[in-house]
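Numbers here simply count residues along the sequence, with the first being 1.
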Amino acid sequence: MSNISLIIEERSANIGNFMVGRLLPFREKRAVGPFVFIDHMGPAHLSDHENMDVPPHPHIGLSTLTFLFEGSIMHRDSLGTELEIKPGAVNWMTAGKGIVHSERTPEYLRHSDKMLHGLQIWVALPKELEQMEPNFTHVEAEDIPAWEEDGVSYKLIAGEAFGKKSPVPVYSPLYFIEIKSKEAKKINIGHHLFGESGLYILEGSIKNGEHVYDPKQILITTEASLCEFEISENSTVYIFGGQPFPEEHFIFWNFVSSDKELLEKAKKDWTEQTFPKVPGETEFVPLPEPRIK
């Protein structure tokens with residue numbers, strides 16, 4: 001019997017001067033565990049006059065996770081952080097009561113051809129931590145737990161699973177796992193998982209029962225503990241999930257909260273530009289037309 005309750009196809013979304021493939025939220029599934037938003041960036045070939053430039057924009061009530069496969073992004077935020085993220089490393093920014101950041105192509109790459117490819121993820125904060133002080137953590141690629149089992153490579157990018165713990169400082173029980181295989185293999189890891197679980201196919205394919213699933217799809221399991229599938233040769237998949245929250249979380253633009261009044265306050269604060277500023281930045285992304293999901 002299939003353990004797949006929902007299949008989500010990647011949809012194009014415009015984030016300003018850049019197109020991404022949106023995976024979450026989806027009208028039939030707003031969250032998987034605490035994961036409320038996933039964008040697949042690229043792969044994009046940028047010429048010597050094309051650059052990623054996302055001006056300062058605000059967040060509340062969430063942590064952002066940026067994980068690159070190719071390319072580089074310069075992160076600047078209102079805490080004073082200025083740091084380049086490279087493939088395999090993790091930028092984990094917790095907005096709490098409010099943070100502002102920009103994402104741009106580093107200066108040394110702005111006049112050369114380059115690639116950009118990765119995932120940008122939002123993880124909602126528990127209700128009691130939605131108004132915590134903002135913070136930022138960068139974890140280098142070599143510090144992320146990685147191991148091999150039966151010819152299959154695993155990375156625990158965030159959270160806890162397999163008796164291991166990532167150094168990324170998460171705030172609720174969750175996991176974000178990379179699985180790579182050069183050969184066709186059977187994967188049975190359900191006993192390591194919990195809560196709700198989703199599987200994103202980056203490259204290659206997987207087989208579940210008689211069905212084969214290809215890239216740009218998220219498969220939502222009916223029961224995380226039954227997570228079992230066949231991975232094809234030269235495939236990479238990401239498994240994410242964890243314990244869902246008891247209360248609903250709402251999303252407006254870059255704001256996440258279980259309290260719609262906090263969303264309204266964030267909208268007002270950003271319109272009046274009372275959020276903290278990003279040092280060295282003068283631009284900002286204006287508030288879009290209201291729409292609470």
Side-chain angles (χ1 to χ4, degrees), residues 10 12-23 37-59 62-95 98-123 134-146 153 155 157-158 166-169 176 178 180 200 202-203 215 236 238 254 273 275-286:
E10 188 170 307
S12 295
N14 192 327
I15 61 168
N17 64 342
F18 204 77
M19 294 297 293
V20 297
R22 185 137 299 161
L23 295 158
F37 181 97
I38 300 178
D39 266 357
H40 176 207
M41 301 185 297
H45 298 266
L46 303 178
S47 69
D48 58 1
H49 63 277
E50 294 177 310
N51 294 294
M52 180 183 189
D53 280 303
V54 181
H57 55 283
H59 291 285
L62 55 83
S63 296
T64 63
L65 190 160
T66 302
F67 187 76
L68 295 181
F69 311 131
E70 296 180 86
S72 177
I73 296 174
M74 181 60 70
H75 165 98
R76 295 183 178 89
D77 64 40
S78 52
L79 298 174
T81 309
E82 183 171 339
L83 194 144
E84 181 181 357
I85 181 169
K86 296 182 178 181
V90 172
N91 263 20
W92 178 261
M93 183 183 74
T94 298
I99 198 168
V100 180
H101 74 132
S102 65
E103 298 162 291
R104 301 184 185 274
T105 299
E107 192 62 37
Y108 73 94
L109 294 174
R110 296 184 73 85
H111 303 291
S112 59
D113 295 345
K114 58 240 164 217
M115 284 286 296
L116 187 60
H117 191 198
L119 294 174
Q120 289 201 309
I121 294 169
W122 296 358
V123 180
N135 64 74
F136 177 87
T137 300
H138 179 82
V139 179
E140 296 291 356
E142 59 267 24
D143 295 326
I144 294 172
S153 297
K155 284 184 183 177
I157 299 167
S166 167
V168 175
F176 180 42
E178 178 188 86
K180 284 179 174 280
Y200 175 60
L202 177 69
E203 57 187 354
T236 302
Y238 291 87
N254 301 317
Q273 284 294 288
F275 267 82
K277 308 296 184 185
V278 178
E281 293 270 18
T282 57
E283 298 179 275
F284 67 91
V285 180

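- Nearest heavy-atom pair across Pro87 and Ala141 is O-CB, 4.2 Å.
- Side chains of Leu65 and Val90 form a contact here, defined as non-hydrogen atoms less than 4.5 Å apart.
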One pair to check against ring-ring contact (aromatic ring centres under 6.0 Å, His included): Phe69 and Tyr238. What are the steps and the verdict? CA-CA 12 Å; Phe69 311 131; Tyr238 291 87; 5.6 Å; yes
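- Between the CE atom in Met115 and the CG atom in Leu68 there is a gap of 11.5 Å [rounded to 0.5 Å].
- The aromatic rings of His117 and His40 sit tilted, their planes meeting at an angle between 30° and 60°.
- Side-chain contact between His101 and Leu79 is absent, with no heavy atoms from C-beta onward closer than 4.5 Å.
- Contact check for Pro276 versus Pro58: no side-chain heavy atoms found under the 4.5 Å cut-off.
- Rounded to the nearest 0.5 Å, atoms CZ (Arg104) and CG (Leu109) are 15.0 Å apart.
- For the atom pair CE of Met41 and CE of Met52, the computed distance is 5.5 Å after rounding to the nearest 0.5 Å.
- One N or O on the side chain of His57 and one on the backbone of Pro55 form a donor-acceptor pair closer than 3.5 Å.
- In terms of modelled atom types and a separation under 3.5 Å, the side chain of Lys114 and the main chain of Ala44 share no donor-acceptor contact.
- Counting only distance, with no hydrogens or angles, the side chain of Asp48 and the backbone of Asp113 share no donor-acceptor pair below 3.5 Å.
- Across Val278, Thr64, Asn91, a single residue satisfies side-chain contact (heavy atoms from CB on, under 4.5 Å) together with His75, and that is Asn91.
- Here the side chain of Trp92 pairs a donor or acceptor atom with the backbone of Pro169 at under 3.5 angstrom.
- From Leu83, atom CG reaches atom CZ of Arg76 across 10.5 Å, with rounding to the nearest 0.5 Å.
- The side-chain heavy atoms of Leu119 and Tyr200, taken from C-beta on, include a pair separated by under 4.5 Å.
- A distance-only check finds a donor-acceptor pair linking the side chain of Arg110 to the backbone of Thr105 [under 3.5 Å].
- Remark: Phe176 CZ to Lys155 NZ distance equals 11.0 Å, nearest 0.5 Å.
- Once rounded to the nearest 0.5 Å, the distance linking CG of Asn135 with OG of Ser63 reads 7.0 Å.
- Here the shortest heavy-atom pairing between Pro134 and Ala95 reads CB-O, 3.3 Å.
- The shortest distance between side-chain heavy atoms of Phe275 and Pro56 does not fall below 4.5 Å.
- Ser78 approaches Ile99 most closely through the heavy-atom pair OG-CG1, 3.4 Å.
- Counting heavy atoms of neighbouring residues, nucleotides and ligands inside a 6.0 Å radius, atom NZ of Lys86 does not exceed 12 of them.
- Residues passing the salt bridge (charged side-chain N to carboxylate O under 4.0 Å, His left out) test with Glu84, sequence neighbours excluded: none.
- When every heavy atom of Trp122 is checked against every heavy atom of His59, the shortest pair comes out as CZ2-CE1, 3.6 Å.
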